[in-house]
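First comes the structure, then the notes that go with it.
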Amino acid sequence: MPPKNNLGNKRKKKPKAPKARHTNINPRRPPLAVRNLLGTKQLQGISGIAFGSASSVQWSVQNEATKRYALLNAVGKTSQDVDAMINHLTSTRAADQQSGRPATTLELSINPNSNVPLAMVDRAIAKINLYNQTAPAGERIEIVSESGDVLALKGGWANRNEIDALRAKLGKQSVSDKLHDAITTEHPSRVRSMIENLSNPNLVNLGQNDAIVLGDSARAWGRVDRTIEGLLTPASNDPTELDPPRNAFNQQRDAAWLRDQVRNQLRNLNPATGDNLKVLLEQVANYKRGLMAPLLNRLGSAYQDNETVVSVYKNTPLEANLPSDSVLDQAARSIGQLGGKTPTVSVQTLAEQGSDLIGQAIKVPDRSTQEYRNIVRVLERRAARAGAELDATRLTELADIFSEAKRTNQSPRLITTDWDVMRTLRGFHARQEPLGKNEKQRADAVTVAGIQLDLRSVASVKNEVAPQTEVGALGQAKQDTLTFGTPVVITQFDTSNNQKKKLSERNGYIYGYTPEGRARVLLQDDNGPPTTLYTLSDQNNVKEEISLGKFPALNESEIGGNLVTEKWQSRTEDLQQLANGPRPQDPVKAMLYDNIQRMRDLRTRKVAGSNLTADQFTDEIANGGFTSYIVGGATRDILLGKNPQDIDFASTMPAIDSYNAIVNKGLAQKNPNPNDPNDLAIRKNVPFGAVQVEADDPTGLDIISTHDGHNSALRLDLDAFARDFTVNAVYYDIAGDKVVDPTGKGLSDLASKTARFVQGSADTVLKDDPVLVARWMRMMQKGFQPESQADTVAALKWLQHHANNMEEPLKKRFVDRLKTSKNDADTLVTQIFGNLQSPLFPNPTKTAKDAIALIFG
């Protein structure tokens with residue numbers, strides 16, 4: 001199944017590649033794809049060509065002499081077809097040159113159908129790449145495609161042999177879909193993960209009552225299991241580093257034994273709750289840092305830690321990279337359905353897992369048999385009747401499971417959170433919810449094509465949110481906008497013995513909220529200013545307390561703030577005031593003046609091709625007592641005179657409340673009608689404070705709660721501080737029609753196209769975050785300039801350092817953030833570092849390319 005960014009199921013399907021045409025194209029009646037691409041523009045100079053099964057049309061666009069397009073629906077089935085096609089394209093280009101016509105950019109669309117041999121596609125791409133190596137920049141052929149196979153070959157993400165091997169395990173269409181989604185959804189490193197995961201999979205026969213996990217259930221288990229593996233695997237060359245102490249057990253045990261014992265505890269967790277799972281992982285993390293007794297006692301040892309060790313660690317915060325509470329809750333629910341078994345997956349799930357691997361997969365059946373095709377047809381009919389969106393990957397996965405169950409005469413347990421799978425297997429009808437409001441899990445015996453399995457439907461934790469958080473309720477109750485420092489009174493209750501007894505009241509000031517929407521409050525101290533930051537629990541409630549007075553001025557260091565933001569000179573520009581006067585001479589004000597209407601137009605921009613506009617969504621946030629801003633790439637691109645495809649909103653409203661406000665208004669819903677363009681899909685990701693409307697459409701909306709690290713804040717400067725570059729921390733206040741620059745440098749840096757880090761010098765920032773090196777390189781690719789040559793030196797220094805020290809997950813994040821293939825990355829680092837003059841790097845180009853080779857693998 002395609003990556004979902006943990007925000008729910010995809011709604012819109014990728015269009016299938018057009019079928020090959022076997023006749024000449026009539027140049028006077030260009031195909032629909034051509035007309036759709038150009039819209040209502042007049043066409044001239046159209047010529048149709050055909051080579052075997054490869055058909056193409058070429059044309060130029062009136063008044064756009066610097067562009068020429070070609071649409072190719074297939075590449076041919078013989079080498080002669082490919083050669084004839086390439087020769088025709090290049091000879092047309094040569095004729096242009098001889099006639100004195102201007103150089104043109106040729107966009108060649110290659111969308112082969114499944115019958116076109118991959119070798120022919122590879123040959124065509126190779127020949128075009130060879131031509132481009134010597135062609136002038138304005139005369140190269142740019143390949144565009146909706147085919148995942150073509151995109152992977154073009155970008156160098158996979159070679160033909162690797163794609164053929166994937167096809168043998170996953171099927172042609174599944175591979176193309178997976179490659180397309182990985183490359184186009186900003187996760188191209190998943191291509192390499194897929195290849196690595198399936199290179200030597202541990203394939204097993206289905207055993208008695210095996211537990212198979214799908215989708216998010218597998219992902220959550222893999223995340224937890226990988227955490228255990230990371231914490232209990234010796235990092236040094238000493239394999240005994242994490243062995244239990246000699247006096248812990250009667251016989252010697254090693255780290256491998258310890259991992260197995262913890263995994264056994266994991267499989268048999270009882271009761272299976274997120275809290276119990278968190279306790280287990282915290283015991284593992286404490287064991288690694290030296291507090292061993294809690295874990296060893298859990299495993300049956302009477303071992304006691306040294307009193308000195310206990311005194312050092314018992315009050316020291318545990319700083320371990322554990323999964324979020326949402327992931328733990330999801331994993332615990334799936335663990336509760338395992339029945340003590342080690343989970344198994346299909347090769348499709350194994351392929352999509354990325355770094356969170358599950359150890360074994362069921363064997364791949366013979367998909368060419370009539371029996372297998374019958375199973376597929378039954379599943380397709382059931383999915384259509386249920387209105388379920390099962391793509392080729394998920395259909396193949398389910399067919400594999402039923403086929404292997406038939407072959408081995410087993411009835412495996414299938415654990416899933418996927419509603420489309422539940423609908424299909426349980427025989428539901430379209431839009432019927434397979435889990436009731438109060439059901440956390442459900443067990444059903446289901447039969448498909450005479451084959452039975454035990455379906456365990458598990459509720460997805462991320463879909464269970466309160467209709468309103470305490471912060472949302474507070475904003476709704478206020479007469480004006482809820483802001484940082486709003487005075488409140490917090491009441492604490494005793495809820496034991498099923499009673500709600502009032503214990504105490506404390507005054508304080510709203511600071512922000514957790515990703516789950518729990519209020520964070522600065523408590524008023526009796527003898528001074530508020531310095532204690534407190535997160536409300538179930539035993540508290542909060543309401544506004546006007547009599548407390550305004551929030552006092554404080555040094556940020558006293559409340560866990562950041563001293564950097566104290567030195568910022570925030571800048572606000574009123575667009576209405578600016579529009580009433582002449583065009584200013586100041587370059588920053590002139591930049592704003594020139595783009596006032598374009599900035600305002602973002603408010604009424606259509607969302608995902610519907611009749612709904614962006615301001616209809618932000619109005620609901622304003623009605624709830626909160627503020628919305630357009631920020632990031634959208635604001636940056638508008639002020640640079642570009643047209644952004646997507647819009648990011650920063651909102652002071654908690655994500656849970658934004659989600660429910662939009663759904664309650666009827667602007668979008670979780671399960672929309674796929675045939676209604678105005679019925680939009682909405683997704684939420686509570687741990688990261690994100691709400692997305694039509695996430696799979698580039699013109700959809702992303703609404704991100706203003707954030708302070710992993711927590712949300714009502715202070716715009718803390719949101720800005722969490723961003724990367726000053727030019728990405730410029731905000732358009734929708735309601736106030738103002739542009740806000742919290743750092744005081746973002747607008748001037750935009751005017752000069754300077755990439756300056758928000759959090760400090762390049763050397764300091766890049767030292768701690770390898771992914772920011774990729775983001776800095778990406779800014780250079782967009783045409784920005786470094787703040788100084790020292791930034792370029794620092795970028796190369798830390799690129800080299802991180803390449804030699806990054807673990808695989810970080811390397812994959814680096815590749816995804818760079819958003820380019822290895823071949824293009826080599827070109828990019830040559831452009832960035834090729835002319836660098838520094839005694840640290842005698843050959844900067846080689847240093848950079850060597851680092852890229854290590855990262856991309």
Side-chain angles (χ1 to χ4, degrees), residues 480-486 509-512 522 529 550-579 584 586-593 595-596 599-600 602 618 621-622 626-640 648-653 704-709 711-761 765 787:
D480 53 4
T481 303
L482 181 65
T483 58
F484 174 81
T486 296
Y509 300 88
I510 286 289
Y511 183 87
L522 281 167
K550 292 184 178 180
F551 183 74
L554 288 178
N555 185 305
E556 288 184 3
S557 61
E558 295 177 353
I559 56 172
N562 195 288
L563 293 174
V564 173
T565 61
E566 286 187 325
K567 300 176 182 178
W568 289 351
Q569 300 295 318
S570 179
R571 176 175 183 173
T572 299
E573 296 289 346
D574 188 321
L575 295 189
Q576 183 60 50
Q577 182 179 348
L578 202 61
D586 176 77
V588 170
K589 291 181 180 291
M591 175 182 67
L592 290 167
Y593 183 90
N595 293 290
I596 289 176
M599 183 70 79
R600 290 171 174 171
L602 289 179
T618 57
I621 292 173
F626 295 88
T627 307
S628 297
Y629 305 88
I630 297 174
V631 67
T635 313
R636 180 195 69 215
D637 287 350
I638 282 290
L639 293 177
L640 291 177
D648 287 345
F649 289 89
S651 169
T652 59
M653 193 179 213
I704 314 296
S705 292
T706 50
H707 51 276
D708 169 21
N711 292 303
S712 301
L714 296 171
R715 285 175 49 183
L716 205 58
D717 61 329
L718 289 183
D719 182 80
F721 187 73
R723 296 182 181 272
D724 48 12
F725 300 97
T726 57
V727 295
N728 291 333
V730 175
Y731 301 75
Y732 174 55
D733 180 352
I734 298 169
D737 196 25
K738 297 176 181 178
V739 172
V740 185
D741 178 9
T743 70
K745 297 179 179 179
L747 286 171
S748 58
D749 286 342
L750 266 174
S752 62
K753 295 204 73 174
T754 299
R756 185 196 311 269
F757 288 102
V758 168
Q759 297 188 16
S761 71
V765 174
E787 183 181 357

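Here the structure is a predicted model, which is why all the values come from computation and not from measurement. Residue indices begin at 1 and follow the sequence shown.
- Between Ser705 and Asp719, the shortest heavy-atom contact is O-OD1, 4.4 Å.
- In this structure, the side chain of Gln759 does not engage the main chain of Ala722 through any donor-acceptor pair within 3.5 Å.
- For Tyr732, there are no ring-ring contact (aromatic ring centres under 6.0 Å, His included) partners, not counting sequence neighbours.
- With rounding to the nearest 0.5 Å, the separation of CG in Asp586 from CD in Glu573 is 8.0 Å.
- Every side chain to side chain contact (heavy atoms under 4.5 Å, CB included) that Pro584 has, sequence neighbours left out, goes to Leu578, Lys589, Tyr593.
- For Thr754, the side-chain hydrogen bond (donor to acceptor under 3.5 Å, both in side chains) partners two or more places apart in sequence, or in a different chain, are Ser752.
- Listed by chain and number, the residues in a side chain to side chain contact (heavy atoms under 4.5 Å, CB included) with Ala751 are Val588, Met591 (sequence neighbours excluded).
- Minimum heavy-atom separation, Tyr509 to Gly485: CD2-O, 3.3 Å.
- In terms of modelled atom types and a separation under 3.5 Å, the side chain of Tyr731 and the main chain of Ala720 share a donor-acceptor contact.
- The minimum heavy-atom distance between Val740 and Ser570, with the atom names listed, is CG1-OG, 4.4 Å.
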Note to self: The test is side chain to side chain contact (heavy atoms under 4.5 Å, CB included); show your working for Leu482 and Thr652 and say whether it passes.
What the structure shows: CA-CA 8 Å; Leu482 181 65; Thr652 59; over 6 Å; no
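- The minimum heavy-atom distance between Gln576 and Asp737, with the atom names listed, is N-OD2, 3.7 Å.
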Next item on the list: Could you please spell out the steps behind the side chain to side chain contact (heavy atoms under 4.5 Å, CB included) verdict for Trp568 and Thr726?
Entry: CA-CA 11 Å; Trp568 289 351; Thr726 57; over 6 Å; no
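- The distance from the CZ atom of Arg715 to the OG1 atom of Thr483 is 12.0 Å, given to the nearest 0.5 Å.
- Rounding to the nearest 0.5 angstrom, the gap separating the CG atom in Leu602 from the OG1 atom in Thr618 is 11.0 Å.
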Next item on the list: Show your working on side chain to side chain donor-acceptor pair (under 3.5 Å) between Tyr511 and Asn711 and close with a plain yes or no.
Entry: CA-CA 10 Å; Tyr511 183 87; Asn711 292 303; over 6 Å; no
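- Pairs of residues two or more places apart, or lying in two chains, that qualify as salt bridge (Lys or Arg N to Asp or Glu O under 4.0 Å) and include a residue from residues 738-755 are Asp749-Arg756.
- What you find for Val758 and Ala729 is that their closest heavy atoms are CG2-CB, 4.5 Å.
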Show me the donor-acceptor pairs, under 3.5 Å and distance only, between side chains in residues 629-640 and residues at least two apart or in other chains.
from, atom 1, to, atom 2, distance (Å)
Thr635, OG1, Ile630, O, 2.8
Thr635, OG1, Val631, N, 3.3
Arg636, NH1, Asn728, OD1, 2.8

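- Contacts of Thr572 classified as side-chain hydrogen bond (donor to acceptor under 3.5 Å, both in side chains), with partners at least two apart in sequence or in another chain: none.
- Counting only heavy atoms from C-beta outward, the side chains of Phe649 and Ile734 approach each other to under 4.5 Å.
- Between Val739 and Val730, the closest side-chain pair of non-hydrogen atoms falls below 4.5 Å.
- Residues passing the salt bridge (Lys or Arg N to Asp or Glu O under 4.0 Å) test with Asp733, sequence neighbours excluded: none.
- Here the CE-OG1 distance, from Met653 to Thr706, works out to 12.0 Å after rounding to the nearest 0.5 Å.
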